[in-house]
Amino acid sequence: METENYLYEYFPLVNIDGEVTGKATRSECHGGAKLLHPVVHLHLFNGVGELYLQKRPHYKDIEPDKWDTSVGGHVDYGESIEEALRREAYEELGVSDFIFHKLAAYIFESNIEKEYVHSFITVYDGNVRPDPHELADGRFWKLTEISKMLGNYFFTPNFENEFNTIILPHYEYIKKILSAAAHSR
């Protein structure tokens with residue numbers, strides 16, 4: 001049960017440079033104290049440039065029932081960023097064999113938490129198997145389709161922020177990665 005895990009799940013606390021300074025429980029990190037803790041985001045594109053988004057389940061403590069980043073999750077205490085990225089991709093989408101490229105790292109603050117986000121992309125045309133215990137839904141979207149839905153409380157605020165400030169400004173770089181992936185097939 002998800003609430004039982006909160007009691008035993010520890011996240012690293014980091015400073016503004018991303019250096020680990022301590023640890024805290026999930027409930028402490030999400031309880032309004034705004035303890036800065038690292039998370040990973042993976043934006044999964046298919047070979048035609050569509051972006052996979054997941055729909056958060058209704059029982060999530062933050063932004064339930066909204067569409068969000070392909071993969072997003074917390075870094076566990078003692079875990080590296082890459083280990084967390086690969087673990088979360090496998091847990092949420094069943095994706096294990098992928099090459100990732102770092103886009104950015106930034107701090108995102110909501111009304112109850114503060115995250116140090118490590119944002120990555122990958123191009124993946126394999127089988128995506130969303131875990132029904134982790135996600136309510138998931139599918140590939142055209143970027144124009146996403147753009148039309150922005151600002152309508154359809155997506156999480158963090159995804160909208162990342163789409164506008166990371167994905168769109170880095171799209172030329174993303175197109176190069178998409179092109180390189182197409183040539184390697």
Side-chain angles (χ1 to χ4, degrees), residues 38-75 80-108 110 113 115-185:
V39 298
V40 292
H41 286 180
L42 179 66
H43 299 280
L44 191 137
F45 285 87
N46 63 18
V48 296
E50 296 170 326
L51 179 58
Y52 190 91
L53 298 181
Q54 63 163 277
K55 187 172 185 188
R56 297 175 61 78
H58 67 88
Y59 59 80
K60 288 290 188 179
D61 58 341
I62 296 175
E63 300 297 338
D65 294 319
K66 291 192 178 175
W67 288 87
D68 202 0
T69 308
S70 312
V71 171
H74 291 92
V75 177
S80 73
I81 300 302
E82 180 177 339
E83 289 168 339
L85 184 68
R86 292 195 178 281
R87 176 182 51 78
E88 289 289 345
Y90 185 74
E91 287 176 0
E92 293 183 3
L93 301 181
V95 172
S96 61
D97 185 26
F98 62 96
I99 297 169
F100 59 87
H101 307 271
K102 188 156 190 175
L103 283 178
Y106 65 93
I107 295 174
F108 180 80
S110 74
E113 71 171 337
E115 298 177 326
Y116 193 98
V117 181
H118 297 268
S119 180
F120 300 86
I121 64 161
T122 192
V123 178
Y124 187 79
D125 282 316
N127 191 17
V128 177
R129 297 178 313 278
D131 183 336
H133 301 290
E134 292 273 339
L135 314 176
D137 199 359
R139 70 175 180 90
F140 284 98
W141 297 64
K142 290 182 166 101
L143 297 188
T144 54
E145 187 181 11
I146 293 170
S147 292
K148 288 178 186 174
M149 298 299 294
L150 293 174
N152 292 316
Y153 304 101
F154 193 73
F155 302 113
T156 66
N158 197 355
F159 172 74
E160 286 201 9
N161 173 66
E162 199 160 337
F163 186 79
N164 286 322
T165 63
I166 308 291
I167 298 293
L168 293 180
H170 288 91
Y171 197 64
E172 289 305 313
Y173 173 67
I174 293 168
K175 286 195 307 190
K176 288 178 185 174
I177 293 169
L178 288 167
S179 178
H183 286 87
S184 68
R185 287 186 209 131

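Values below: every heavy atom of this structure, side chains too, minus hydrogens, waters and symmetry copies. FYI, the numbering just counts along the sequence from 1.
- Ring geometry for Phe100 against Phe120 counts as perpendicular: the plane angle is over 60°, on a 0 to 90° scale with 30° as the lower cut.
- Put simply, the side chain of Glu63 does not reach to within 4.5 Å of the side chain of Asp68, judged on heavy atoms.
- For Asp97, the CG atom counts as loosely surrounded, since its 6.0 Å shell holds 12 or fewer non-hydrogen atoms of other residues, nucleotides or ligands.
- Ring pair Phe159/His43 is tilted by interplanar angle, where 30° to 60° counts as tilted.
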For this session: Might you work through the side-chain hydrogen bond (donor to acceptor under 3.5 Å, both in side chains) test for Glu162 and Ser119, ending with a clear yes or no?
Result: CA-CA 9 Å; Glu162 199 160 337; Ser119 180; 2.3 Å; yes

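- Within the 4.5 Å cutoff, the side chain of Tyr106 has heavy atoms near those of the Ile166 side chain.
- None of Ile177, Thr122, Leu51 except one satisfies the side chain to side chain contact (heavy atoms under 4.5 Å, CB included) rule with Phe45; the exception is Leu51.
- Considering only heavy atoms from C-beta on, Val75 stays 4.5 Å or farther from Tyr116 through its side chain.
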For this session: Go through the steps to decide whether Asp131 and Glu92 satisfy the test side-chain contact (heavy atoms from CB on, under 4.5 Å), and finish with yes or no.
Result: CA-CA 5 Å; Asp131 183 336; Glu92 293 183 3; 5.9 Å; no

For this session: Go through the steps for Tyr52 and Asn46 under the test side-chain contact (heavy atoms from CB on, under 4.5 Å), then give the verdict.
Result: CA-CA 8 Å; Tyr52 190 91; Asn46 63 18; over 6 Å; no

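- Heavy-atom neighbours of Lys102 NZ from other residues, nucleotides or ligands within 6.0 Å: above the threshold of 12.
- Interatomic distance, Arg139 CZ to Lys55 NZ, rounded to the nearest 0.5 Å: 11.0 Å.
- Using a 4.5 Å cut-off on side-chain heavy atoms (C-beta onward), Leu178 and Tyr171 make contact.
- Residues Leu103 and His41 fail the side-chain proximity criterion, which asks for heavy atoms closer than 4.5 Å.
- For the pair Phe98/Leu42, a side-chain contact is recorded, criterion being any heavy-atom separation below 4.5 Å from C-beta on.
- Here the closest heavy-atom approach between residue Tyr153 and residue Lys66 is recorded as O-CE, 3.5 Å.
- Using the six-membered ring where Trp is involved, Tyr173 and His170 have ring planes that are perpendicular, over 60° apart on the 30 and 60° scheme.
- Salt-bridge formation is detected for the pair Glu82/Arg86: a Lys NZ or Arg NE/NH1/NH2 atom is positioned less than 4.0 Å from an Asp or Glu carboxylate oxygen.
- Screening Leu135, Leu93, Val95 for a side chain to side chain contact (heavy atoms under 4.5 Å, CB included) with Val71, the sole residue that qualifies is Leu93.
- Between Trp141 and Trp67 there is a side-chain heavy-atom pair separated by less than 4.5 Å.
- The residues Glu91 and Arg87 are annotated as salt-bridged, a charged nitrogen and a carboxylate oxygen being separated by less than 4.0 angstrom.
- Salt-bridge annotation for Glu145 and Lys148: absent, with no side-chain N of the basic residue lying under 4.0 Å from a carboxylate O of the acidic one.
- Atom CD1 of Ile121 and atom CD1 of Ile99 lie 11.5 Å apart (nearest 0.5 Å).
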